[in-house]
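Structure record follows, encoded as structure tokens.
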Amino acid sequence: ASGNLADLERDWIYLPLTSHAEGTEIILQTAAVCGFPRVINALQIVKKLGVCEYEVVGEPPDPKDGFARGEEVLRDLFHDYTSFTSMMRGLHPDHLKFYHGFYYGTLFSRPSVPMKVRELCIVSAMAGMVVFPQFRRHLIAALNAGATTGDVRAVLEQTGAVWGTTAQTMVDAVWMDLRLGLERQEVKLRQAQEKAREGQ
């Protein structure tokens, strides 16, 4: 996502052949975050180095069902789905169609990579882009997709190596703020449950 093709070349050499399909799939999905030009450059590099396979494991989703499938996925990932999609619809009349129908309904729903891994990769790609509202949202999506706080922390700890120390400091602050918010929500939930039990 940072456009550092030398690092990509180094990492691809050490990627097991059995992981090439997943590797190219993650490069492909990065178009949603950093655009097709960088994805094309990255795919050219790995093609030059050698790609064992591109095949998608399982049956790829039918694009005709993309919007409905995207809606289902997003409801699981974003618990404020209604207000979120209302905001997205207000940005541009067709924006929601791309977000639901193409990104989450087709590209991210391809079965070769679990949604948890996809969201962690999006978090990694966004870490140095100074897009904190979206970064925070995808941190939450990764957790809702099944990632543990340890999984997220392991990804975030790589930020400095890819994006630099300033980016590392900023993502650490966003993560700390999110963790504190989640902990407050858990406390409120426990208190509400205790009151409900006392009232029984």
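- Residue Ala127 comes nearest to Ala167 through the heavy atom pair O-CB, 4.3 Å, listed as atom of the first residue, atom of the second, then distance.
- Residues Asn144 and Asp76 have side chains not in contact (no heavy-atom distance under 4.5 Å, counting atoms from C-beta outward).
- When all heavy atoms of Val73 and Ser109 are compared, the pair lying nearest together is CG2-OG, 4.0 Å.
- Atom NE2 of residue His20 and atom OG1 of residue Thr18 lie 8.0 Å apart, to the nearest 0.5 angstrom.
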Test side chain to side chain contact (heavy atoms under 4.5 Å, CB included) on Leu28 and Leu107; report intermediate values, then the result. CA-CA 9 Å; Leu28 186 64; Leu107 181 58; 4.1 Å; yes

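- Here the CG atom belonging to Asp11 is positioned 8.5 Å from the CG atom belonging to Leu15, to the nearest 0.5 angstrom.
- Checked by atom type and distance alone, the side chain of Thr85 pairs as donor or acceptor with a backbone atom of Tyr81 at under 3.5 Å.
- Note: the hydrophobic cluster containing Leu49 also contains Leu8 (ILVMFWY, side chain heavy atoms under 4.5 Å, direct or indirect links).
- By the side chain to side chain donor-acceptor pair (under 3.5 Å) test, Glu72 pairs with no residue at all, sequence neighbours left out.
- Using modelled atom types, one side-chain atom of Thr159 and one backbone atom of Leu156 make a donor-acceptor pair closer than 3.5 Å.
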Let me see the working for Arg136 and Trp175 under side chain to side chain contact (heavy atoms under 4.5 Å, CB included), right down to the final yes or no. CA-CA 8 Å; Arg136 181 186 177 92; Trp175 176 237; over 6 Å; no

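- Side-chain atoms of Asp80 never come within 3.5 Å of backbone atoms of Ser83 as a donor-acceptor pair (strictly under, hydrogens ignored).
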Quiz: residues 87-99 side-chain donor-acceptor pairs under 3.5 angstrom, not counting sequence neighbours:
residue: His92; atom: ND1; partner: Asp94; partner atom: N; Å: 3.0
residue: Asp94; atom: OD1; partner: Lys97; partner atom: NZ; Å: 3.2

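- No side-chain heavy atom of Lys48 sits under 4.5 Å from any side-chain heavy atom of Gln44.
- Looking at every heavy atom in both residues, Ala142 comes nearest to Leu120 through CB-CD2, 4.1 Å.
- Between the Ser86 side chain and the Thr82 main chain, no donor and acceptor come within less than 3.5 Å of each other.
- Side-chain atoms of Trp12 come within 3.5 Å of backbone atoms of Gly50 as a donor-acceptor pair (strictly under, hydrogens ignored).
- When the side chains of ILVMFWY residues are joined at heavy-atom separations under 4.5 Å, either directly or via intervening members, Ile26 and Phe102 end up in two distinct hydrophobic clusters.
- No single ILVMFWY cluster, assembled from side-chain heavy atoms under 4.5 Å apart, contains both Val152 and Val117.
- A distance of 10.5 Å separates CG of Leu178 from OG1 of Thr149, quoted to the nearest 0.5 Å.
- Taking every heavy atom of both residues into account, Phe36 and Ala31 meet most closely at CE2-CB, 3.5 Å.
- Note: the hydrophobic cluster containing Val51 also contains Leu43 (ILVMFWY, side chain heavy atoms under 4.5 Å, direct or indirect links).
- Asp151 and Thr148 share a donor-acceptor pair across their side chains, judged by distance under 3.5 Å alone.
- You'll find the side chain of Gln168 stays beyond 4.5 Å of the side chain of Trp163, heavy atoms only.
- A side-chain hydrogen bond (donor to acceptor under 3.5 Å, both in side chains) check over residues 117-127, counting only residues at least two apart or in different chains, returns the pairs Glu25-Arg118, Gln29-Arg118, Tyr104-Glu119, Glu119-His138.
- With contacts defined as side-chain heavy-atom distances shorter than 4.5 Å, the pair Arg137/Leu77 does not qualify.
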Trace of the side chain to side chain contact (heavy atoms under 4.5 Å, CB included) decision for Phe135 with Val123: CA-CA 6 Å; Phe135 175 67; Val123 165; 3.7 Å; yes

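- Counting all heavy atoms, side chain and backbone alike, Cys34 lies closest to Met129 at CB-CE, 3.7 Å.
- Placement of Ile140 and Met115 within a single hydrophobic cluster is found when ILVMFWY residues are connected by side-chain heavy-atom separations under 4.5 Å, directly or transitively.
- Looking at Thr30 and Cys121, their side chains never come closer than 4.5 Å, going by heavy atoms from C-beta outward.
- Residues Phe84 and His100 place their aromatic rings such that the two centres sit no closer than 6.0 Å.
- Counting only heavy atoms from C-beta outward, the side chains of Asp172 and Arg153 approach each other to under 4.5 Å.
- When all heavy atoms of Ala125 and Val33 are compared, the closest pair comes out as CB-CG1, 3.9 Å.
- Note that CD1 of Ile40 is 12.5 Å distant from CD1 of Ile27, once rounded to the nearest 0.5 Å.
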